[in-house]
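Heads up: the structure comes next, in structure tokens.
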There are 2 protein chains.
Amino acid sequence: MSDRRTAILEAAATVIARRGVRGLRVEELATEAGVSKALIYYHFEDRTGLLRRTLAFVSNRAERYTTEQSAADVAAEPLRRLEQALLLELQDLPHVRENSTAWGELRASAVFDPALRDELALASVIWVREVADQLGAVLPTAPESALTAGAERLTALLEGLSARWLSGILPLSDARAGMREAIGVEVAHLARSATPSAHGLRQADEPD
Amino acid sequence: MSDRRTAILEAAATVIARRGVRGLRVEELATEAGVSKALIYYHFEDRTGLLRRTLAFVSNRAERYTTEQSAADVAAEPLRRLEQALLLELQDLPHVRENSTAWGELRASAVFDPALRDELALASVIWVREVADQLGAVLPTAPESALTAGAERLTALLEGLSARWLSGILPLSDARAGMREAIGVEVAHLARSATPSAHGLRQADEPD
DNA sequence: GTCTATAACGGGATAGAC
DNA sequence: GTCTATCCCGTTATAGAC
């Protein structure tokens, strides 16, 4: 894959984080990437195609830095690693903010743009499974389905808190505190359901 | 307030739910509302002003139907009422879907449009307090700060789950199950922290 | 592969009649 | 208050040279 193409995708993430999907102008993107407008249409089908590729690019990049970060502390306790991985997205660092903002934008756009849904669903499933795995490292006895459900809740909460933080209605520190507490609560909950024999039988909450 | 003006706001919610803020065309809005484009500019400053008013309109409407629904079951147990109020937003009914979609869109837009932030922050604070109050009815002994934090988590989770549902990456039934379980977990958590030595206290009045 | 120049048009906003 | 008609700018997308 050409250098230019990658440069355009990186620039797209930057511009989306700055202006939103709605505010993305192919011209501004061209300037940001240091190329001409026409080259963007040469490398990508059209505006929507570009967005699709950017979504995949952003989610790969997020996955990459999450994994790197965790690998660096592979010796750390599973719970610490889980917290790190989730709180990583709630930091006021340029590249984190950029990735979170772009991700949020593209997710929101997917509600109205079916072309984005496949990429979004794929990225989402990968992320949930990753978190489920880390939860599994914390709670080896918990059943897979419970881990997935827990990961679903934690990642959805993270997206909700992130959206509030980025739209300026929740201070970052509150978002981080909320996330940290939720992790603790979730782990405790899963631990209780996973080891019913230790204490009294604790059945699942409500029937569907 | 004129009939027309309200009709335009209602139509705006409908069109935003159909096309997104990004896809809202003043012309389509005019058709939907059964008025001319010019009238929209007569009643609202400009496109952004219209969005601001629509945000306030949508959040008022949501508050209204939440309250109505709860009032109808005022005799129900507090926990049931809390669940009802939150799960209300996760239903595949036209007007609910419309409100949730429009709300999500406007929230996402606020990240890049400071003009929307004040309305958004206000609506958000009202909603969190409402949920915190209902949590307080379930757990009279819990301190106000814990209730607010819990409500923050529950509403943020709801927004996260809702976004996933509406973007088609999470089935509605999963979203509802996740929400229901989270409520149970959260209430249990708050109950434990509020009554470290005993449980079942149900008589204390409003904490400060 | 990459550029400059331009076509083509969608859509926000306004003028002015009634 | 409400309409019809229209302006006109910004934006996507393409043509064609190098």
Side-chain angles (χ1 to χ4, degrees), chain A residues 1-57 102 105-106 108-116 119, chain B residues 1-57 102 105-106 108-116 119:
Chain A
M1 186 177 308
S2 87
D3 259 6
R4 297 284 205 185
R5 204 186 143 92
T6 307
I8 292 170
L9 288 171
E10 260 157 13
T14 303
V15 175
I16 289 173
R18 184 161 59 222
R19 310 273 184 217
V21 165
R22 171 164 221 276
L24 181 135
R25 301 287 165 251
V26 179
E27 176 129 41
E28 181 177 3
L29 169 56
T31 304
E32 178 75 29
V35 301
S36 71
K37 272 199 294 181
L39 191 63
I40 292 169
Y41 287 98
Y42 173 79
H43 280 296
F44 303 91
E45 317 73 307
D46 57 6
R47 195 178 185 280
T48 299
L50 168 72
L51 292 178
R52 234 180 51 237
R53 302 297 183 157
T54 305
L55 176 52
F57 176 79
E105 268 294 285
L106 290 163
S109 300
V111 175
F112 305 97
D113 191 344
L116 296 176
E119 306 279 359
Chain B
M1 186 177 306
S2 87
D3 257 6
R4 296 284 204 185
R5 202 186 144 92
T6 306
I8 292 170
L9 288 171
E10 258 158 15
T14 303
V15 175
I16 288 173
R18 183 161 61 223
R19 310 273 183 219
V21 165
R22 299 159 185 76
L24 179 131
R25 301 287 164 255
V26 178
E27 175 129 41
E28 182 177 2
L29 169 56
T31 304
E32 178 75 29
V35 302
S36 69
K37 268 202 295 181
L39 191 63
I40 291 168
Y41 287 97
Y42 173 79
H43 281 295
F44 303 92
E45 317 73 309
D46 57 7
R47 196 177 184 281
T48 300
L50 168 72
L51 293 179
R52 233 180 50 238
R53 302 296 183 157
T54 305
L55 176 51
F57 177 79
E105 269 295 284
L106 290 163
S109 300
V111 176
F112 304 98
D113 192 344
L116 297 177
E119 305 280 359

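Owing to the predicted nature of the structure, the values given are computational and were not obtained by experimental measurement. Because only heavy atoms are used, hydrogens play no part in the values below, and waters and symmetry mates are left out as well, while side chains stay in. A, B, ... follow the sequence lines: proteins, then strands. Residue 1 opens every chain.
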Nearest-angstrom distance from the residue atom CG of A/Leu29 to C1' of D/dT12 = 13 Å

Which heavy atom in B/Ala7 sits nearest to a heavy atom in B/Ala33, and how many Å separate them?
-> O-CB, 4.1 Å

A/Leu116 and A/Leu55: which non-hydrogen atoms are nearest, and at how many Å?
-> O-CD2, 3.6 Å

Nearest-angstrom distance from the residue atom CD of B/Glu28 to C1' of C/dG10 | 14 Å

In B/S/- notation (B base, S sugar-phosphate only, - none; protein heavy atoms under 4.0 Å), nucleotides 11-18 of chain C written 5' to 3' is SBBBB---

To the nearest angstrom, the CG-C1' distance between A/Leu39 and C/dG1 comes to 7 Å

B/Phe57 CZ to B/Leu51 CG distance, which is reported to the nearest 0.5 Å = 14.0 Å

Is the shortest side-chain N/O distance from B/Arg4 to OP1 or OP2 of D/dG1 below 4.0 Å?
-> no

How long is the line joining CD1 of B/Ile40 and C1' of D/dC3, in whole Å?
-> 13 Å

Please, which pairs that meet side chain to side chain donor-acceptor pair (under 3.5 Å) have at least one residue in residues 40-53 of chain A, sequence neighbours excluded?
-> none

Does the pair B/Val26 and B/Leu50 meet the rule for a side chain to side chain contact (heavy atoms under 4.5 Å, CB included), with working shown?
-> CA-CA 10 Å; B/Val26 178; B/Leu50 168 72; 5.6 Å; no

Let me have the donor-acceptor pairs involving side chains of residues 8-22 of chain B, under 3.5 Å, with sequence neighbours excluded, atom names and distances please.
from    : atom 1 : to       : atom 2 : distance (Å)
B/Thr14 : OG1    : B/Glu10  : O      : 3.1
B/Thr14 : OG1    : B/Glu98  : OE1    : 3.3
B/Thr14 : OG1    : B/Glu98  : OE2    : 3.4
B/Arg18 : NE     : B/Glu28  : OE2    : 3.3
B/Arg18 : NH2    : B/Glu28  : OE2    : 3.3
B/Arg18 : NH2    : B/Glu32  : OE1    : 2.8
B/Arg19 : NE     : B/Glu28  : OE1    : 3.2
B/Arg19 : NE     : B/Glu28  : OE2    : 3.0
B/Arg19 : NH2    : B/Glu28  : OE2    : 3.4
B/Arg22 : NH1    : B/Glu105 : OE1    : 2.8
B/Arg22 : NH1    : B/Glu105 : OE2    : 2.9
B/Arg22 : NH2    : A/Glu105 : OE1    : 3.3
B/Arg22 : NH2    : A/Glu105 : OE2    : 3.1

